[in-house]
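First comes the structure, then the notes that go with it.
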Amino acid sequence: MRDEVLAAVCDTFAPAVDGLPSASQLGVPERIQGEVAALNRPQQVAQLNRLLDTLDSPLLNLALSGRLVRFSRLAQAEREAFLRGWSGSRLPLKRAGFQVLKRLTLLYTYGAVDSPYWKLVGYARPPLPDPAAPPRLRMRQAKAGETIDADVCVIGSGAGGSVFAAEMAKKGRHVVILERARLQTEADFKGGELEGAANLFLDRGLAATSDAAMVLLAGSTVGGGTVVNWNTCLRLPAAVRDEWAAAGIEDALDEHYTAIEKRLDVDTDESPRNGQNAVLERGLLALGLPSQTIARNTRGCGDCGHCGSGCRIGAKQSTLRTYLVDACDGGAEIVTGCSADRIQVKQGAVEGVIAQVEGGAVMVRAPMVALAAGALHSPAILLRSGLASEQAGRNLHLHPTGVVAGRYAEPTPGWVGVPQSVMGDAFADLSPGYGFRLECPPALPGLLAASLPWTSSAEHRRRMSQALHTTAFIAIVRDREGGRVTLDRTGQPVVHYWPGREAREHLVRAMVESARIHLAAGAQEVGTLHTPPVTGMPGGFEAMRQEIERRGLARNAVALFSAHQMSTCRIGRDRRSSVADPNGEVWGVRGLYVTDASAFPSASGVNPMLTVMAMARRTAERLSCDKDEQSRR
């Protein structure tokens, strides 16, 4: 019965029409069930099943909507009206259920390889170039029951973990890097949107806050987020540096930034404007607002626009091709498919890490451990270990991100060219140090379809048919108030977050200003991602502004995203409000350091990769001398 209900849901969002197959004819219901099951979180499967049962229960529908009906027995028009009712319901759970089913259905309908919907969108995947030679990495397999000895154990191979590992290997330490994901190299990067999400992103690209109100994008592969990000390299703003100084980050980060930028080949030499970025720059210029060229960590970029699925030609200078290579050149080893479970501590000093591999557990004995599993999993490891439990997981910052799209006469495809090369920061200090910055995102068909509002199948197809002429602006808001990461019954992280009052005000202002910039750039139509969207045309800005402000933000009533997770194991001077001291060492645990974005004292306000790496290098350089370290062993 659930299979029948899910098929009916999918075909309501994407029915067979105009020569296009329905979602169920494309196997989307089976894909949804398979992807949710692959998360290995039984509660997620149970939630999907309860949602489908609720949709098709006559008694529950009578109680919730006054109609004694089964969803699966309704005609197409009735099903669409039913789902619209859920999308605008006053009950948050109904809105959340609608958004989950809508996102999954449309993501897998439009994102599948060679989807027949690509023709509607105007999308064609570029030919695959020959892959670059794989990086020189020292890999090892761990067997259940094995004990591995090391001087330093680094949990996570992304921006922070790789830099720390390389610095420790340079000092002559034997470093072992634990990475929960499997190795993917250039030959594995084939530009497929769904395959890239499943193989390179946290939770197969399906991560979200506990209420489904915000989509979370985080890398989960060897090299972490540096493999899938959009190459944006920004230093910490001056106002944020001053704020962090109060938390103990008083020394200048500039020398670390400079070293990182040199190793990653960060510059503006490869930041041409694609259609979207040209539009953003044009709109800012028309309004007399400043813009800047974004520096990027690329060398020989092919401008294919598929950065989020890994760089096949090796132009992206991710840690996969830089700091992990450096670490391995210094003798470090990477253990993949190895998920850190908990940290062992004895008499106030770290002893090692217990991790899970296929078939059981392994023990890595080391007098120094660097926690760099990301701002969602690093606190989970501490909580499972019973360490810093009063503060670990608190103060989660996500840079809540809103989107406004504009339709233009000229083609501005979001899947061609450099994804981000222009930034507008005129609104970065609406209150001192807090506001938003404007950038452009790449937008492949699946993510675009899942993000655009759905009010009917025909209207959604109409919007997707305009994708070739659609430009999206994202507003990245620096959030002052934080959320929290907790553990579920199986010990896995759960993200609890909704923007605070100030951040919500800034998101509303960001939508207004984004619409203004679109219209100044020549957009023929502008729309928010509210359900239903707030739209406007030239000459109609004032009415659109008023409606955006009236609608405001409500959970699962407007699409929000986050690609930046920070501050859940934050550095500070006071152990009562922080996890680690100003050197990055966890309070009360000698030899345990936090070296990823979870260490940030507060939100960075800009794309965090460069700052994560600079902070990790800073921590490595501030460690005790060799003699002191040896005395701990």
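Residues take their numbers from the sequence shown, with the count starting at 1.
Both the sub-6.0 Å distance and the 45° axial angle are not jointly satisfied by Arg312 relative to the ring of Phe189.
Between Glu333 and Arg140, at least one side-chain nitrogen of the basic residue sits less than 4.0 Å from a carboxylate oxygen of the acidic one, meeting the salt-bridge criterion. Ionic pairing of Asp326 and Arg263 is present here: one or more N-O contacts between side-chain nitrogen and carboxylate oxygen are shorter than 4.0 angstrom. A salt bridge does not link Lys171 with Glu167: none of the charged nitrogens is closer than 4.0 Å to a carboxylate oxygen. Taking 4.0 Å as the cut-off between side-chain N and carboxylate O, Glu35 and Arg103 do not count as a salt-bridged pair. Taking a cutoff of 4.0 Å between a charged side-chain nitrogen and a carboxylate oxygen, Glu186 and Arg321 qualify as a salt bridge. Electrostatic pairing of Arg136 and Asp329 counts as a salt bridge here, judged by a charged N lying under 4.0 Å from a carboxylate O. Using a 4.0 Å cut-off between charged nitrogen and carboxylate oxygen, Asp254 and Arg235 count as a salt-bridge pair.
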List the steps, then state whether side-chain hydrogen bond (donor to acceptor under 3.5 Å, both in side chains) holds for Asp479 with Tyr434.
-> CA-CA 7 Å; Asp479 44 339; Tyr434 287 84; over 6 Å; no
Check against side-chain hydrogen bond (donor to acceptor under 3.5 Å, both in side chains), Thr611 and Tyr257 | CA-CA 7 Å; Thr611 300; Tyr257 278 128; 2.7 Å; yes
Quick one: do Glu261 and Arg617 satisfy salt bridge (charged side-chain N to carboxylate O under 4.0 Å, His left out)? Show the steps, please.
-> CA-CA 12 Å; Glu261 288 166 348; Arg617 190 175 188 273; over 6 Å; no
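A donor-acceptor pair under 3.5 Å is formed between the side chain of Ser271 and the backbone N or O of Ile294. In terms of modelled atom types and a separation under 3.5 Å, the side chain of His460 and the main chain of Ala449 share a donor-acceptor contact. Put simply, the side chain of Lys316 never gets that close to the backbone of Asn231: no donor and acceptor are under 3.5 Å apart. Distance alone, capped at 3.5 Å, is enough to place a donor-acceptor pair between the His469 side chain and the Ala409 backbone. Under the 3.5 Å distance criterion, the side-chain polar atoms of Glu513 are left unmatched by any main-chain donor or acceptor of Phe427. A donor-acceptor pair under 3.5 Å links the side-chain atoms of Asn274 to the main chain of Val416, judged by distance alone. Distance alone, capped at 3.5 Å, is enough to place a donor-acceptor pair between the Gln317 side chain and the Ala315 backbone. Arg282 places a side-chain N or O within 3.5 Å of a backbone atom of Ala521 that can act as its donor or acceptor partner. Without hydrogens or angle criteria, Thr401 side chain to Ser562 main chain gives no donor-acceptor distance under 3.5 Å. No donor-acceptor pair closer than 3.5 Å links the side chain of His397 to the backbone N or O of Gln565.
With Ser378 as the partner, the side chain to side chain donor-acceptor pair (under 3.5 Å) test is satisfied by one option alone out of Thr595, Thr568, Asp596: Asp596.
Atom-to-atom distance recorded for Asn395:CG and Arg570:CZ is 3.5 Å, nearest 0.5 angstrom. Note that CG of Asp425 is 9.0 Å distant from OG of Ser291, once rounded to the nearest 0.5 Å. The CD1 atom of Ile474 sits 5.5 Å away from the CD atom of Glu439 when rounded to the nearest 0.5 Å.
A side-chain N or O of His518 and one of Tyr408 form a donor-acceptor pair less than 3.5 Å apart. Side-chain polar atoms of Thr471 and Thr412 form a donor-acceptor pair below 3.5 angstrom. Side-chain N/O atoms of Tyr593 and Asn583 include no donor and acceptor closer than 3.5 Å. If you check the side chains of Glu243 and Ser602, you find a donor sitting under 3.5 Å from an acceptor. Thr226 and Tyr323 share no donor-acceptor pair across their side chains, judged by distance under 3.5 Å alone. A side-chain donor-acceptor contact under 3.5 Å links Arg273 and Thr293. In summary, the side chains of Gln420 and Thr232 do present a donor paired with an acceptor at a separation below 3.5 Å, with no hydrogens or angles considered.
When every heavy atom of Gly160 is checked against every heavy atom of Val612, the shortest pair comes out as N-CG1, 3.4 Å. Taking every heavy atom of both residues into account, Ala181 and Ser220 meet most closely at CB-O, 3.4 Å. Residues Leu560 and Pro499 approach most closely at CD1-CG, 4.3 Å, considering heavy atoms. Taking every heavy atom of both residues into account, Gly156 and Ile177 meet most closely at O-CG2, 3.8 Å. What you find for Leu324 and Ser157 is that their closest heavy atoms are CD1-O, 3.8 Å. Taking each heavy atom of Trp244 and Ser604 in turn, the nearest pair found is CZ2-CA, 4.3 Å.
Between Val422 and Cys440, every side-chain heavy-atom pair lies at or beyond the 4.5 Å cut-off.
Between Tyr123 and Trp415, the ring planes lie perpendicular to each other; the angle is over 60°, past the 30° to 60° tilted range.
Residues passing the ring-ring contact (aromatic ring centres under 6.0 Å, His included) test with Tyr117, sequence neighbours excluded: Tyr110.
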